[in-house]
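Per chain, numbering begins at 1; letters A, B, ... match sequence-line order.
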Protein chains: 2
Amino acid sequence: MKGVRIADVAQLAGVSTATVSRVLANPDQVRAKTHKAVMEAVRRSGYTPNSAARNLRTRRTMTVLVVAPRLTNPVFAQVLRGVDDELTQSGYGIIVANLDNQTDREVRYVDLVLSRQVDGVLLMNGRIPQGGKRSMGDAGVPIVAMCSAIPDSGIPNITVQDREASRKAAEYLAQLGHRRFGYISGLPGTYIETERFKGFQDGLAAAGYDEKVVRWEGPFTFSTGVAAAQAFLRMKKRPTGIFAACDESAIGFVKTVQEAGVRVPEDVSVIGFDGIEFADFSEPTLTTFRQPLREIGRTGAQALLKMIQGEAGQVDLNVRLPLQLLERGTTGPAPEKTRG
Amino acid sequence: MKGVRIADVAQLAGVSTATVSRVLANPDQVRAKTHKAVMEAVRRSGYTPNSAARNLRTRRTMTVLVVAPRLTNPVFAQVLRGVDDELTQSGYGIIVANLDNQTDREVRYVDLVLSRQVDGVLLMNGRIPQGGKRSMGDAGVPIVAMCSAIPDSGIPNITVQDREASRKAAEYLAQLGHRRFGYISGLPGTYIETERFKGFQDGLAAAGYDEKVVRWEGPFTFSTGVAAAQAFLRMKKRPTGIFAACDESAIGFVKTVQEAGVRVPEDVSVIGFDGIEFADFSEPTLTTFRQPLREIGRTGAQALLKMIQGEAGQVDLNVRLPLQLLERGTTGPAPEKTRG
DNA sequence: AAATAAGATGTAATCGATTACAGAAAAAGT
DNA sequence: ACTTTTTCTGTAATCGATTACATCTTATTT
């Protein structure tokens, strides 16, 4: 309620506001004696700079917006930690936009950016948020995409080798003797989903089994896996090698088929994607690709910081980090009778 | 890069900056004709108000800080959604502080509040963040606590009936015939943890078995459950009724003992706390108390908004929401031989 | 000791929007 | 047509910190 201003501190220390400002921003431009007096006045008055005034004058906010499609998805929560590591260290603050998978939530964050409340934006939602006729890109604020690239946007992106990993998933299943395949998608139409599906198809084609893949669609959630499992259970001739575009779907699938008496991995093998912590605790432990989530966040934040500092030229447009296949409990040899 | 100012719009529309400002803030104070002309100029120029200037002048930021102990914990992510529901509707923005269980991360958010970058604070970490000699409470900014109360602070809090539920957990296990009990704690010393442990003890006392409870300590994580399970497995005379202060620990425990050949719930029963989505997909499905997480968030946000609007008197100091016991797969009758 | 350079500090303009107050225009009343 | 009232609009102060520039000290060189 009080409102201690820089002028109050200046008066208390017997100097000008300019000097107080210097003490706080460039301590070495000021004599030791003055410095001490000012710091004492700051302490006594309990002064904290008003950031609105500072932002107005400096035209910087030292704040970055991070857009997540859904924050309850551990993947994004984890990437966020990496972002936080990096930005905190550089003195930047973070505003998190949780879209909860609803595109109409984008609007308000467009305003946030256009009204210059942030110095940069990190997107994990795979598209440039729009609102009315305005786009987040209009402001000229630096943007970096993480997890998903944004095609034809020219926006630097930090992703993983989705395609390569998905291809490997197909090869791995084929090698275990599986001949009928199922694919549980992520949100249809998204870049990330498309890449993973293509990779899986490529892998099957390379192994010579691309004809036989059943595809179940839905968002990146548990419920998609549950729905896929229900469809699976209704089939007469079931696939035995399943690849899910995210761990949550994979786990939803496993749990649901198990309840119907199908054994994993004896009757059906399942591979997930992401390597969320929870995948270590499903039963059986989920075979999956572990993403370097925290590193994605750190790398993205580093790139953004460079752009904010005007070194956009130094930023790689496409960084693709490798994934690690964790061979665990939900995959095994195909059941004898189904082998090709 | 451009920087369209309100003065530019005013010039374009042939009016004063005051009028432009009015059109945007109080459209009914201005003639229809003028309104139209200004809106047209706004559209043509692509004007968006500079929020730093606005915040400086109005002394409000329309932004709220939400402090979470750990964002990868689905409990807090879920509460955050409820907060978001409410604040977004009222036009407020959200800054999320993810402490990642490290107290030293509090510091920067103290500055954030003291420098008036937010109009209010929602705490989920069970304490008032401190930094240096300053406390987040010093600024006179409205604060509301969620999930955990902050004793002796006078800060309004929205919590659940932790104690009542924990007591019920004890009664439930006792009623199933269990006579030897285990308790997997949350972060020792926290209000929430203390409440849950006390409740569990009370319940055991009421049933007459309070002598026999083993306590394993650790934070609210999977790994605490894993460690508890390892200790459990080393015991000669093992408890059969386990209550965990959070679902993640419960799941970590279940998975780990299962790997060692212990059957759940035949050999040991486990009750969790929280009702995270993941608990629906563990094997067996976790018996737990479901918290109304989103409602906690909404209620907390509503209370904070009232305080911001100067109606602090209208705010209940202690709101305690009920929990729902989900009786599921990880609990069952005590093994015959152990019955008392 | 004087001249010059380097360093520290102060003055005042500036960032961009809001709003109290005054003044102009329109509407209503006589 | 002329006041009076009501409704709009403009002028200019204000929010609080930063910083270019000027001025005044202190240090260095000759």
With axes from five pairs an end, tell me the bend angle of the helix from C/dA1-D/dT30 to C/dT30-D/dA1, nearest 10°.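 The end-segment axes of the helix from C/dA1-D/dT30 to C/dT30-D/dA1 are tilted 30° relative to each other.
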Are any side-chain N or O atoms of [X] and backbone N or O atoms of [Y], one a donor and one an acceptor, separated by less than 3.5 Å?
X      : Y      : value
A/D316 : A/N318 : no
B/N157 : B/T159 : no
A/E86  : A/Q302 : no

Nearest non-hydrogen partners of A/I128 and A/L123, listed with the distance: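 Nearest pair, atom of A/I128 first, then A/L123: CA-CD1, 4.2 Å.
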For A/V4 versus A/Y47, what's the shortest heavy-atom pair and its separation?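 Taking every non-hydrogen atom into account, O-CD1, 3.4 Å.
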For B/S51 and B/N55, does a side-chain donor sit closer than 3.5 Å to a side-chain acceptor?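 Short answer, no.
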Verify the distance criterion only: is there a donor paired with an acceptor across the side chains of A/D119 and A/T61 at less than 3.5 Å?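 Result is yes, a qualifying pair exists.
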Let me know the distance between CG of A/D28 and C1' of C/dT9, rounded to the nearest Å.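 One finds 15 Å between C1' of C/dT9 and CG of A/D28, rounded.
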Protein-nucleotide distance (B/K33, atom NZ; C/dA25, atom C1'), rounded to Å: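 The distance from NZ of B/K33 to C1' of C/dA25 comes to 12 Å, rounded to the nearest Å.
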Any chance you could list the contact pattern along nucleotides 12-25 of chain D? Use B for base contacts, S for sugar-phosphate-only contacts and - for none, protein heavy atoms under 4.0 Å, 5' to 3'. BBBBBBBBB-----
State whether B/R134 and B/D111 are salt-bridged, where the test is any N-O pair (Lys NZ or Arg NE/NH1/NH2 against Asp/Glu carboxylate O) under 4.0 Å.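 Salt bridge absent between B/R134 and B/D111.
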